[in-house]
Amino acid sequence: MLLVLFGARQWHRRPKDPSQAQLPKWTAAIDRLTPVKVFGLALAALNAKNAPLTIAAAASIGSGGLPVGQEMASPAIFVLIATLGLLAPLGVYMLGGERAKTTLGNWKDWAAQHNVAVMAVLFFVIGLKLLGDGIGILTS
């Protein structure tokens with residue numbers, strides 16, 4: 001329920017004019033990071049925003065009654081999907097050549113303009129999912 005409320009709060013606090021939106025300070029600093037520091041940032045991505053989704057995924061995998069092979073493969077697939085946000089820009093950077101700067105710059109501008117709205121929707125959807133799961137457990 002808290003995530004739903006937090007998502008609604010974020011949505012109402014988003015800038016009305018997208019051109020006034022700014023990236024979080026840690027995101028704006030990414031341009032100055034070395035590859036080693038980017039790897040460290042990826043490891044540090046285990047933060048409060050990701051915890052509810054990770055816990056829900058672990059609970060679903062653990063209680064799914066899957067065969068051992070599928071149960072072992074499921075976390076690997078989850079991690080792969082969860083890291084696409086890091087792997088996609090890395091792939092563009094490594095394979096894109098000179099066009100990569102333009103592409104990544106456009107992605108960064110879009111992220112700056114829509115960061116608050118994306119996070120609000122993300123919190124809201126995850127909150128509703130977890131709330132629905134909890135209600136389902138309580139009523140069964």
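Predicted, not measured: the structure shown is a model, and the values here were computed from it. Just the heavy atoms: all of them, side chains too, but no hydrogens, waters or symmetry mates, feed the values below.
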Atom pair CD1 (Ile137) and OG (Ser63), whose distance is rounded to the nearest 0.5 Å: 7.5 Å

Which residues pass the side-chain contact (heavy atoms from CB on, under 4.5 Å) test with [X], not counting sequence neighbours?
X: Leu130; answer: Leu3, Pro52, Ala56, Ile126
X: Val121; answer: Trp11, Val125
X: Leu90; answer: Met94
X: Ile77; answer: Ile81

Considering all heavy atoms, the nearest Ser74-Ile61 contact: CB-CD1, 3.7 Å

Ring pair (Phe, Tyr, Trp, His ring centres under 6.0 Å) pairs, two or more places apart, involving residues 81-112: Trp110-His114

Pairs touching residues 127-138 that satisfy side-chain hydrogen bond (donor to acceptor under 3.5 Å, both in side chains), sequence neighbours left out: Lys129-Asp133

